[in-house]
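As the structure is a prediction and not an experimental result, all values here were calculated from the model. Every chain is numbered from 1, with letters handed out A, B, ... down the list of sequences.
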Amino acid sequence: MAKNLLIVESPAKAKTIEGYLGKDFLVKSSYGHIRDLVKTDDAIDTDDNFKQKYEVPSDKKSVVSELKKLAKEAEMVWLASDEDREGEAISWHLYETLALKDDKTKRIVFHEITKPAILSAIEKPRKIDFNLVNAQQARRVLDRLVGFELSPVLWKKVKPSLSAGRVQSVAVRLIVEREREINRFEADASYKIVAQFTTGIGREQFKAELPQRFEDKADAAQFLNDCIRASFKVSSLEKKPAKRSPSAPFTTSTLQQEASRKLGFSVARTMQVAQRLYEAGRITYMRTDSVNLSDTAIQAAEQEIVHAYGEKYHKLRRYKTKAAGAQEAHEAIRPTYFSEHSIEGDNAERRLYELIWKRAIASQMSEAEFEKTTAKIDVSTRTEDLVATGEVMKFDGFLKVYMESNDDDAENSTDEREGDNALLPPLDGGQMLTLKTMSATERFSRPPARYTEASLVKKLEELGIGRPSTYAPTISTIQNRGYVLKEDRDGRERHYTVLTISEEQVLEQIKTETTGAERSKMFPTDIGVLVNDFLVEHFNDIIDYHFTAKVEKEFDEIAQGDKDWTAMLKDFYGPFHDGIQDTLENADRASHERELGVDPSTGKPVTVRVGRFGPLVQIGSADDDEKPRFASLRKGQMIETITFEDAMDLFKLPKKVGEFEEKEMTVAIGRFGPYIRHASAFYSLPKGMDPMEVSQDEAIQIIKDKRQKDIEKVIRVFEENPEAQIENGRWGPFIRLGKQNVKIPKGTDVDKISYEDVLKWADADPKGKAAAAKKAGTKTATKKTTAKKGGAKKATTTSKTKK
DNA sequence: CAGTGAGCGAGCTTCCGCTTGACTT
C-alpha cells in the first residue's frame with residue numbers, strides 16, 4: 001500500500017505526475033469540485049451569516065468514497081489542487097469530506113507539471129489558506145444568491161424557466177446593446193481617391209492614394225478633373241525600418257478566438273478538440289488564463305527553434321498576463337513536446353495542434369523586420385499630395401511559422417488595407433510619373449461589428465467576467481435559453497458611385513455591392529431584449545459591466561485577509577434583496593408590445609408583441625367580437641425594428657399560385673426560406689426570387705427542375721428493391737433505402753456494392769434506423785433515464801409538438 | 001417547412017466554477 005496519497009483535480013494530470021514520483025506515491029484525481037451547495041432554496045441561511053449547506057452530488061459519490069478509502073490507508077495525504085481560489089476550496093472540501101486529520105494532511109501547489117516543479121512543491125508544503133477558501137465561498141454564495149433570486153423574478157414577470165446571473169446576463173446585455181448600436185448607426189459616405197502610376201512606358205504599375213477623402217461628389221470630381229492635365233512628380237521619398245513582434249502563447253480565450261478565425265471552430269468545438277489533445281498528452285492544460293511558459297518549456301522551444309531554423313530565429317521572451325482577474329494557476333497552452341511539429345489524429349485535432357504549436361514556437365522567435373517606403377507624389381494642379389507606400393520584408397523572423405489573423409480580415413476584404421504590403425518599384429526623388437488610371441470611389445463608414453462567439457469571449461475576458469472553464473458553457477447557456485441566436489443573415493444591396501478618368505473625361509458609374517451580410521454572428525432575440533431591458537431597469541447595478549470587477553476586488557481583499565467575507569455579503573445582500581422584493585411587488589409585467597398602425601382594410605390596430613410561442617404580429621384585439629389574426633415574425637425581424645409594411649406582408653403568405661397535376665401549389669416561407677408546397681413535397685425557391693411574385697408557370701418550372709435534378713442524382717437503382725438506390729449527395733455518394741439513409745463505408749468501390757452489402761450496412765447503423773423510424777412517424781419509445789432532471793420533461797414537450 | 005396565441009393550477013424551472021465520462025442522437 002502506498003505511503004502517500006496525492007490528489008489533483010484532473011485525471012490526465014494525475015497520470016503524468018504519477019510518472020514523476022516514485023512508488024511511494026499514489027496519485028489520484030478529484031475530478032474538479034467534489035461538493036456543491038444543495039440545489040434547494042435553503043442552501044444558504046441569509047439570517048445566519050450565510051451558512052451554507054453542502055452535499056456531494058450523485059455523480060461524485062463514487063470518487064469521494066474511493067478517495068476516502070485510500071486516504072484512510074495512506075500515511076500522508078497531499079492536497080495538490082490548483083493554486084487559485086477554486087483550487088484552495090477544493091482542497092478544503094476534500095479535507096472536510098474525506099475527514100482528513102490535520103497531522104496527516106499537507107497542502108502543496110505548483111503551476112506547471114514538470115518534475116522539478118513537483119519535487120520542489122513537495123519540499124515546501126503548507127496549510128490550507130482559509131482566506132482564499134473564504135473568498136471562494138463568498139464568490140459561490142454571491143453567485144447563488146444572484147442567480148436564484150433573480151431568475152424567479154423573471155419567471156413571474158416575463159416567462160417561466162428563464163434565467164439570470166452575474167455572467168450570462170452581462171453577456172446578453174453586450175449583444176443587445178451592440179445590436180442597438182448597429183440599428184442606430186448611419187453610414188457616412190465619402191470618396192476615396194486611388195491612382196495607378198508607372199515610372200515609364202512598359203513599366204510595372206503601382207498604387208497611390210490620397211490620404212484625405214472628399215465628402216462631396218463634386219469635390220471628388222473636381223480633383224479628378226484637375227488631374228487630367230496635371231503632371232506628377234515624386235516630391236519626397238522616405239524609407240523607415242519597421243518591426244513586428246510575435247504574440248504571447250495561447251490562453252483559453254485567445255485559442256478560442258484564433259481557432260474561430262482560422263479554423264472556423266465554435267468555442268465549444270475548440271474546447272472539445274483541445275480536451276482530446278490534452279488527454280492524449282499532446283498539449284498542456286487547455287483551461288488557463290496564463291501566458292506564462294515554464295523554464296523547461298522555454299528551453300525546449302529554444303532548442304527546437306535553433307535546430308529547425310537556426311540561431312538567429314530565436315529570442316527568449318517572457319509574457320505578462322494583462323487580463324483582469326487572471327489567477328494563473330496553469331501554464332499557457334503549449335505543446336508538451338516542441339519537437340513534434342505535427343501529430344497523428346483526426347483533421348480537427350491535427351489542425352488545432354498545429355495552431356497551438358506554431359503560436360507557442362513563434363512566441364519564442366525573433367521579430368520580423370521590414371523596410372517601409374513612403375513616397376509623396378506632387379500633383380501640379382493641386383495642393384494635396386498622393387501617397388504610395390510599400391513594404392519589403394528584410395527578415396521573416398517569427399513569421400516563418402505563424403501569422404496571427406485579425407477580426408477585421410473577415411470583413412470587406414476588398415475595402416481598406418489593400419496595398420499595405422505592396423511592393424514599390426525603385427523610385428528617385430523628383431522623378432516624373434505617368435498616370436495610368438485614377439478613380440474616386442464612394443465608401444461608407446462601417447457600423448460596429450456584431451459579436452461572434454469568440455469575440456464575445458474576448459470582451460467578457462477584458463471585463464474580467466467568467467473564467468476559462470466557463471466561457472464555452474456560458475455561450476451555450478445564453479443560446480439555449482433563447483436569449484441570443486448564432487445566425488447567418490443575408491446582406492442587402494447598396495449602390496455606390498465610382499468616378500474614373502476615361503479619355504480625358506470624368507466618367508460616372510453606379511455600381512452595386514452587398515453590405516451587412518453576416519456569417520455565424522450573435523443576434524439577440526426578442527426574449528433576450530425583453531429580459532435584458534427588464535433587468536437593466538430594475539437591477540442595473542448587478543447587470544453593470546463593472547459589477548464583477550467590483551466584487552472581484554472585494555474577493556481579493558478577503559483572500560488577503562483584509563476583509564470579512566460575511567460582512568461583504570451582508571453589504572451586498574441587504575440592498576439586493578430589497579430590490580428583489582420591491583420588483584416582485586411593484587414592477588409591471590415585462591412587455592414590449594408596440595402598435596405599428598392601423599390595418600387599412602379593417603380599421604383595426606396592428607400590434608407586435610412576444611406571445612406564448614415567440615414574437616408575433618396581431619391584427620385586432622382579443623376583446624373584439626371578431627377573432628384577431630396572428631402571424632409569427634420571421635428570421636431577422638424583431639419587435640423593436642419591424643416596419644408596418646413588413647408586418648402586413650406576413651399576412652400575405654401562404655399564397656395559392658395555381659394548380660399542377662390537379663394539385664394546388666402554395667408559396668410560403670418556412671424555416672429554410674421561401675418554398676412551394678405541392679402535394680406533400682416541398683420545393684425551395686431559387687435565391688433572389690420574390691415569393692410574392694411567383695406565377696403558376698414559374699412554380700411548375702421549379703417543380704420540374706427539382707424532379708429532373710433528383711433523377712440526375714441517382715447513380716444506380718437496385719434490381720432487388722426499387723426503394724434502394726445509390727445517390728450523389730452533398731458529401732458524396734450514399735444509399736437511400738426507403739426512408740433510411742445508409743452510409744457507404746470508406747474505401748468502398750461504389751460500382752461493386754451489392755444489395756446484400758446495403759442490407760448489412762443498414763442493419764449495422766442503429767442511428768440511421770432510428771432516424772428512419774422517426775421519419776415514418778412511428779414513435780420511438782421515450783426512454784426514462786435514471787437522471788431526474790430535464791430528461792422526462794423534455795420528452796413530453798417534444799412528443800406534444802410532434803402532431 | 002404548420003399552427004399556435006385563453007385559462008384552469010400543481011409542480012417545476014434557476015446561478016458559477018471545477019472536472020470528465022456515460023449516455024443518446
### Message
The side chain of A:E9 is closest to which nucleotide in this list: B:dC15, B:dT19, B:dG17?
### Response
B:dT19
#### Entry: Salt-bridge present (A:D599, A:K604; N to O < 4.0 Å)
no
### Message
Does a side-chain N or O of A:R677 approach OP1 or OP2 of B:dA2 to a distance below 4.0 Å, or not?
### Response
yes
### Message
Could you check whether A:R35 makes a cation-pi contact with A:W92, meaning its NZ or CZ is under 6.0 Å from the centre of the six-membered ring and within 45° of the ring axis?
### Response
yes
### Task
Output yes when at least one side-chain N/O atom of A:R467 is less than 4.0 Å from OP1 or OP2 of B:dC18, else no.
yes
### Message
Can you tell me whether the side chain of A:R140 and the base of B:dC15 have a donor-acceptor pair closer than 3.5 Å?
### Response
yes
### Side-chain H-bond candidate by donor/acceptor type, A:R609 with A:S591, under 3.5 Å
no
### Query
Can you tell me if the side-chain N/O atoms of A:S10 get under 4.0 Å from OP1 or OP2 in B:dT20?
yes
### Task
Side chain of A:R612 only, please: which of B:dC15, B:dG5, B:dT19 is the nearest?
B:dG5
### Task
Side chain of A:S151 only, please: which of B:dG17, B:dT14, B:dA2 is the nearest?
B:dT14
### Message
It should be established whether A:R85 places a side-chain nitrogen or oxygen under 4.0 Å from OP1 or OP2 of nucleotide B:dC16.
### Response
no
### Task
Using a cut-off of strictly less than 4.0 Å, decide whether A:S469 has a side-chain nitrogen or oxygen near OP1 or OP2 of B:dG17.
no
### Message
Tell me whether the NZ or CZ atom of A:R173 lies within the 45° cone about the ring axis of A:Y545 and under 6.0 Å from its centre.
### Response
yes
### Query
A:Y683 side chain N/O closer than 4.0 Å to the phosphate oxygens (OP1, OP2) of B:dC1?
no
### Message
Quick check for you: among B:dA2, B:dC18, B:dC16, whose closest atom lies nearest to any side-chain atom of A:F682?
### Response
B:dA2
### Task
Check whether any side-chain nitrogen or oxygen of A:Q136 sits under 4.0 Å from OP1 or OP2 of B:dG17, and answer yes or no.
no
### Task
Please state whether the base of B:dC16 and the side chain of A:R139 form at least one donor-acceptor pair under 3.5 Å?
yes
